[in-house]
Amino acid sequence: NAHGARSFGAIDALVQQIITADPDAYILPRLQFVPTNYWARTHADQMARYAGGEEGDVSLASTEFWADCVDALDALISHFADPATPGGDRILGFHLDRGEWFYDAEAGYDVSQPNTVAFQHWLHAKYQALHALRAAWHDADITWEDAAIPAWPGKTTLVKKTDTQTYTSRREGRWPDYAQYSSELVAGVIAGLAEAIKTLSQKHMIVAASYGYVLEFAGRNDSGHLALGKLLQSPHIDIVAGPNSYAGRGAGSPAAFPAPIDSVALHGKLWLVEDDTKTFLAEAETEDTYNPKIASGADTQAIHQRHFGAALAHRAGVTWMDLWGQGWLNSPDIWRELGGLVTQSTRWGRLVPNPAPTPDVAVLVDEASLRFLKNDANGLGAHLVGRTRDLLLRAGASVGFYLQSDVTRPNFPEAKLYLFLNALRLTTEERAAIREKLQKSGKTLAWLYAPGIFDENGPSSEDVGEVVGLALRPQPWNSRGGSQLAEAKHPITDRIRSTRKIGQEEILNPLYAVSDPQATVVAEYVSTGATSLATREHKSGWKSVFFGDPYLTSELLRGLYAYANVPVYDAQVYAGADGSLTIHGSSTGQRTISLPRKASVYDVFDDKIIATNTRSFRAFVRARTTRLFLWGEGRELAAA
């Protein structure tokens, strides 16, 4: 307060309430970092300010605020370490939060003095020499001291159909720079708080944070969530968390992850699914109007099961949340069902091989490339990343979602198919890693739209043919996408029945075509006749695929799986490489589920083995319900 005194009464009361209900409970408080009214009044120069003169919350760049937050953490950790604090020994650590760490989509850029100075320091660290900054921004007069935060381009940058969706010219370099800076600022603040907690607690406390919604915010380069790779490098972060996509929350929908969830595990961290399903028990209207209320108890059960099965398939954790304390989970039946899921996770844990198998399909998303895409909720980023993610969850294979930068890690997984969703930027290190690790016999590398038009220094003039595996050439400016099939019987296009056209006939700048004499032409742009979809089989045994149109379909994905020899279980499946299989039905009917090898199958909800030594099995699935199966060696299943 204004006199410097601290009060722990509120949090002590909450801890005591939990301990009274469950004396064996361990607690991970979720801390919100907000300034008091007194702090805001006495630190007016540290508040965020926007181009129109409006004042926001405290600026993320305020070093004064975060220093005071560390002092508060020090006091809180000391309070819980005091033996006289009831329940203090039940505190596991802290979940760090500040509105889930993303910037307000309506407000624009923070042009306050703290943020401007921090941006200038960041530019100096990135470019070192002033001439390098001037070249990057195409501005011969700029100095370190007057490098301003660029004007916010708005929620939707594109106005005309001929507008380019990428920041490709040198004159536009300041916008990708600010997108990179503003995300790295967020990741740096979280990592700094995490380090403080580890230091103050002598590494006794774990640290969680909600971050990395790269797949969900692919249409926003100003989200602040484009530095997950940086945060995952911090040894002080243990858990990264986030809710499933709100766009597909209803029964029968996929409820996709917002982040490259398997990348988190690759870095030795735990992804925590925040299952904040607004159950049928929700009565009062709450602020999260984007979170749909579930109509019935049966749908609620199916959705809880769906989220749990998806977490199981990706080796994640789950937390169930009554976000507003309204009684969403206030039902013995709900807790009985959730308790049963926890029991099954123990069974699954006894079956998982060590090390665990890797997914058949490694999907790579590049957060750095999203910095070069202009804001547009329905633009390239949303199509290449967000909507393709949703299709992948309905295409029936074992899929892992990773950051593209993970290819440089020594533990990057072996897969049959590597699908590069938005590799607009390819660094020199990533290109070398792809050539060394991925271009191997039995592997297929598939690329969407315009790979490698940027590198670590900005727009790139280097040929990407070697790393893509196909020679590419730019199409004339203002060329139209949209393709017609040249080879309808190719494995990739063989499942397309209703039309001979793919993609959308619209102007795309830039646009690329295949110009490789050794390629197999599968589709051609309608407007130019140039090759838009092609494959190539290399002498060393690996395959290349290029999709010039940025719009995949379920048929194309299933065809790509066939071409890459990827096992397909069934549509609408969360398939774990380690033997879990979750089906969440959008329609009612018998399903034939294929397995990659002979195995026995255990029906989790019916608690029985339903098939032995088989490559496939039948399952009846009702619409809007979930089925969960474990499969593996028969004796191991029986013992588990």
Side-chain angles (χ1 to χ4, degrees), residues 33 35 40 43-70 98 101-104 107-154 157 167 169-193 195 220-227 229-231 233-234 367-368 370-375 425 454-459:
F33 293 89
H43 296 79
D45 62 331
Q46 300 297 302
M47 307 306 287
R49 298 194 180 277
Y50 303 105
E54 306 90 346
E55 182 179 287
D57 199 350
V58 65
S59 173
L60 269 174
S62 172
T63 55
E64 291 185 40
F65 177 70
W66 296 116
D68 286 350
C69 288
V70 170
R98 188 180 185 270
W101 299 102
F102 53 82
Y103 295 107
D104 186 344
Y109 298 159
D110 172 15
V111 296
S112 66
Q113 194 263 350
N115 201 43
T116 300
V117 171
F119 181 46
Q120 291 167 347
H121 290 167
W122 181 90
L123 289 170
H124 205 162
K126 176 178 179 177
Y127 289 106
Q128 301 292 315
L130 186 57
H131 66 82
L133 172 65
R134 289 172 171 172
W137 284 20
H138 203 77
D139 186 340
D141 299 321
I142 200 77
T143 68
W144 300 121
E145 293 74 25
D146 64 10
I149 292 171
W152 182 52
T157 312
Y167 289 112
S169 77
R170 290 288 186 185
R171 292 184 182 276
E172 297 174 317
R174 63 195 68 205
W175 281 278
D177 270 348
Y178 186 75
Q180 181 181 358
Y181 155 76
S182 58
S183 284
E184 289 187 357
L185 172 64
V186 176
V189 166
I190 297 172
L193 293 172
E195 182 177 9
R220 285 187 59 191
N221 71 12
D222 60 355
S223 66
H225 273 241
L226 302 185
K230 179 182 176 68
L231 185 64
Q233 292 173 15
S234 168
E367 53 190 358
L370 295 177
R371 303 196 298 256
F372 293 94
L373 289 179
K374 297 176 181 177
N375 283 348
R425 192 193 85 146
F454 302 99
D455 58 25
E456 58 266 46
N457 299 313

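The figures here come from the full heavy-atom set of this structure, side chains too, leaving out hydrogens, waters and symmetry mates. A quick note: this is a predicted structure, and the numbers were derived from the prediction, not measured.
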Atom pair [atom1] ([X]) and [atom2] ([Y]), whose distance is rounded to the nearest 0.5 Å:
X      : Y      : atom1 : atom2 : answer
Asp139 : Leu133 : CG    : CG    : 8.0 Å
Asp110 : Asp57  : CG    : CG    : 10.5 Å
His225 : Phe102 : NE2   : CZ    : 6.5 Å
Asp222 : Leu370 : CG    : CG    : 11.5 Å
Tyr178 : Trp152 : OH    : CH2   : 11.5 Å
Leu193 : Ile190 : CG    : CD1   : 8.0 Å

Taking the side chain as everything from C-beta on, heavy atoms only, tell me whether [X] gets closer than 4.5 Å to [Y].
X      : Y      : result
Trp137 : Leu123 : yes
Leu60  : Trp101 : yes
Val186 : Val189 : no
Pro153 : Tyr109 : yes
Thr116 : Arg49  : no
Gln180 : Trp122 : yes

So which atom in [X] and which in [Y] form the shortest heavy-atom distance, rounded to 0.1 Å?
X      : Y      : answer
Tyr103 : Leu185 : OH-CD2, 3.9 Å
Gln46  : Glu64  : NE2-OE2, 3.5 Å
Phe33  : Cys69  : CD2-SG, 3.6 Å
Ser59  : Pro114 : OG-CB, 4.3 Å
Pro35  : Met47  : CG-CE, 4.5 Å
Ala118 : Tyr181 : CB-OH, 3.3 Å

Practice task
Go through the steps for Val58 and His43 under the test side-chain contact (heavy atoms from CB on, under 4.5 Å), then give the verdict.
Solution key: CA-CA 9 Å; Val58 65; His43 296 79; over 6 Å; no
Exercise for the section: Please determine if Glu172 and Lys374 form a salt bridge, counting it only when a charged side-chain N lies under 4.0 Å from a carboxylate O. Expected result: yes
Is a side-chain N or O of [X] found less than 3.5 angstrom from the main chain of [Y], in a donor-acceptor match?
X      : Y      : result
Arg134 : Ile142 : yes
Trp175 : Ala151 : yes
Asn375 : Asn221 : yes

Handout entry: Donor + acceptor pair across side chains of Thr143, Asp146 (<3.5 Å)
Key = yes
Handout entry: Under 3.5 Å side-chain donor-acceptor pair for Asp177 and Tyr127
Key = yes
